[in-house]
> 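Submitted below is the structure of interest, expressed as structure tokens.
Computed from a predicted structure; not experimentally measured. These numbers come from the heavy atoms of this one structure, side chains and all, not from hydrogens, waters or symmetry mates.
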Amino acid sequence: MTSLLASIKAALLGPDSGAATTAQNASAATGAQSESAMSAASSASPASASAAAANGRRHSPSTVEELELELLLEAIFQCHGYDYRGYQRELVARHVRATMRRLDTPTISALQASVLHDAEAWDVLHRALYVDPALMFDDASEVTLLRMSLGACLHGAALPRIWLADCAGAQQAWTLAILLDQEQLIARTEIYATLASDSLLAEARQASLPMARMTELQAFYVRSGGIGQLLDYFDVSADGTRAVLAPRLSERITWAQYNLVTDASFNEFHMILGQRALPAFGMALRQRVLRLFDDSLAPFGVLALDRELEPTDRVGSHYRALASHLPWYQRRA
């Protein structure tokens with residue numbers, strides 16, 4: 001692992017680093033426009049992107065259940081505006097069946113009727129189809145790579161920006177904020193954490209930790225290389241039962257509703273973390289999102305994916321790997 005981390009650090013600080021600093025500083029002026037740009041992107045027409053996602057459907061229904069699933073996804077898109085038609089069918093079907101059991105609906109058609117007419121039922125299904133919630137420091141390998149790449153990637157930028165695409169909840173963003181603080185970068189770095197629905201957004205903004213879980217999270221923190229007490233980064237409630245991220249860290253997180261399937265690029269970033277969102281996407285939708293990330297990443301920025309880029313990925317030539325067997329990449333000039 002030591003040699004791996006050394007190779008990643010060397011890659012990030014390679015011969016292009018001087019050019020990276022110039023390019024990143026040149027792009028810093030766009031930071032002040034981020035809020036208006038994000039708003040414009042979210043209101044953009046989804047027609048063309050939705051058509052591309054729909055074209056990613058690779059089969060015609062061969063059973064009643066498959067037909068019901070296709071109709072459910074079309075109904076969700078038409079009624080709620082969320083396009084899951086380009087997602088991997090096996091994964092979607094698994095989450096749909098789990099939701100059927102939870103809501104005690106006997107068929108997918110019955111579930112469709114519920115999510116069209118009952119806001120609570122739709123919220124249950126939407127959460128089931130979304131990225132699994134993260135716990136703080138729950139992925140030691142991810143944290144290790146972040147520790148090594150944050151400083152080398154961001155120190156040269158005047159106003160560094162990181163995008164957590166389809167953020168896996170408040171704790172993923174809190175982990176990143178703590179790591180940035182340890183790198184002495186939090187005071188000038190903006191974290192953009194986007195989620196797919198208003199209910200998930202409200203939940204993330206109001207999130208807190210039960211103190212009963214702090215021992216478990218401290219163990220994750222230490223396992224991933226953390227030093228000291230995780231609680232030092234939190235404020236504890238007066239009754240001692242809950243903890244919230246300290247304001248000096250939480251104020252660096254911009255939460256926003258954003259749809260990876262339909263919305264356009266809204267800013268330029270020096271790091272994009274999308275590895276938790278991508279596994280659910282089918283081939284056509286994955287290509288669409290990779291192009292979106294490519295449009296949004298600054299020269300020499302870092303892109304974290306769920307698996308290695310393939311020769312068929314149209315944006316693959318724009319990147320060089322930071323390690324031979326890990327799907328973390330640096331964008332070329």
Side-chain angles (χ1 to χ4, degrees), residues 1-28 30-31 139-166 172 175-176 179-180 183 185 189-192 224-225 260 264-279 281 283-333:
M1 177 62 75
T2 301
S3 61
L4 171 61
L5 298 180
S7 68
I8 294 171
K9 189 170 184 179
L12 284 165
L13 293 173
D16 293 332
S17 60
T21 300
T22 301
Q24 289 169 341
N25 287 339
S27 69
T30 61
D139 189 330
S141 60
E142 178 182 319
V143 171
T144 299
L145 285 166
L146 280 170
R147 288 187 190 279
M148 292 303 301
S149 59
L150 283 173
C153 176
L154 303 180
H155 271 301
L159 296 171
R161 293 179 295 276
I162 301 176
W163 182 14
L164 286 173
D166 270 7
Q172 185 187 16
T175 298
L176 179 57
L179 292 174
L180 286 167
E183 290 290 329
L185 283 164
T189 301
E190 193 73 22
I191 300 169
Y192 289 80
S224 62
L260 277 178
S265 175
F266 64 91
N267 209 325
E268 185 175 66
F269 299 93
H270 303 91
M271 177 178 283
I272 297 176
L273 303 177
Q275 67 271 38
R276 299 198 184 220
L278 283 168
F281 296 159
M283 183 181 301
L285 183 53
R286 180 183 180 85
Q287 293 303 314
R288 193 267 174 189
V289 175
L290 286 176
R291 289 194 297 272
L292 171 65
F293 288 164
D294 190 60
D295 290 341
S296 305
L297 193 62
F300 308 106
V302 169
L303 176 62
L305 302 177
D306 61 320
R307 64 175 187 261
E308 294 181 358
L309 289 171
E310 299 176 0
T312 54
D313 293 325
R314 297 179 183 177
V315 302
S317 61
H318 300 174
Y319 296 88
R320 64 187 184 95
L322 293 178
S324 60
H325 61 287
L326 294 171
W328 285 55
Y329 296 88
Q330 186 171 42
R331 201 185 197 283
R332 302 180 191 275

> Could you please spell out the steps behind the side-chain contact (heavy atoms from CB on, under 4.5 Å) verdict for Tyr319 and Leu305?
CA-CA 12 Å; Tyr319 296 88; Leu305 302 177; over 6 Å; no
> Looking only at heavy atoms, which two atoms of Tyr192 and Phe269 are closest? And how far apart?
CD1-CE2, 3.5 Å
> Using a 3.5 Å distance criterion without hydrogens, assess whether the side chain of His270 forms a donor-acceptor pair with backbone atoms of Gly301.
no
> With a 4.5 Å heavy-atom cut-off, do Arg286 and Asp306 have their side chains touching?
yes
> Has Tyr329 got a side-chain atom pairing as donor or acceptor with Leu309's backbone, closer than 3.5 angstrom?
yes
> Taking the side chain as C-beta and beyond, is there a heavy-atom pair between Leu146 and Thr175 under 4.5 Å?
no
> Tell me whether Arg331 contacts the main-chain N or O of Phe300 through its side chain, where contact means a donor paired with an acceptor under 3.5 Å.
no
> Could you state the interatomic distance from CG (Leu322) to CE (Met148), rounded to the nearest 0.5 Å?
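CE of Met148 is found 11.0 Å from CG of Leu322.
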> Can you tell me how far apart CG (Leu185) and CD1 (Ile162) are? Round to the nearest 0.5 Å.
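Nearest 0.5 Å value for the CG-CD1 distance: 8.0 Å.
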> Backbone N or O of Glu268 within a donor-acceptor pair of the Arg161 side chain at under 3.5 Å?
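It does hold such a pair.
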> So do the side chains of Gln330 and Arg320 get within less than 4.5 Å of each other, counting heavy atoms only?
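Gln330 reaches Arg320 side chain to side chain.
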> What are the two closest non-hydrogen atoms of Phe293 and Leu303, and how far apart are they?
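Here Phe293 and Leu303 meet closest at CD1-CD1, 3.8 Å.
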> What are the two closest heavy atoms between Gly151 and Glu183, and how far apart are they?
CA-OE1, 4.0 Å
> Nearest 0.5 angstrom please: Leu176 CG to Met271 CE, how far?
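So the gap between those two atoms works out to 8.0 Å.
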> Backbone N or O of Ser224 within a donor-acceptor pair of the Arg147 side chain at under 3.5 Å?
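Yes, the answer is positive, given that a donor and an acceptor are paired below the 3.5 Å cut-off.
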> Which heavy atom in Val302 sits nearest to a heavy atom in Trp328, and how many Å separate them?
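That closest heavy-atom pairing would be CG1-CE3, 4.0 Å.
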> Answer yes or no: is there a donor N or O on one side and an acceptor on the other, between the side chain of Asp313 and the main chain of Glu310, under 3.5 Å?
yes
> Considering only heavy atoms from C-beta outward, does the side chain of Arg291 approach that of Val315 to under 4.5 Å?
yes
> Please examine the side chains of Leu150 and Thr189, heavy atoms only from C-beta on, and report whether any two atoms are closer than 4.5 Å.
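With C-beta onward as the side chain, the pair stays apart.
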> Looking at every non-hydrogen atom in both residues, tell me the closest pair between Ala165 and Ala277 and how far apart they are.
O-CB, 3.8 Å
> With respect to Asp139, which candidate in Arg276, Gln275, Gln172 satisfies the side-chain contact (heavy atoms from CB on, under 4.5 Å) definition?
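Filter result, single survivor: Arg276.
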> Are the side chain of Arg288 and the backbone of Leu260 linked by a donor-acceptor contact shorter than 3.5 Å?
yes
> To the nearest 0.5 Å, what is the distance between CG on Leu290 and CZ on Arg314?
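Here the rounded value is 11.0 Å.
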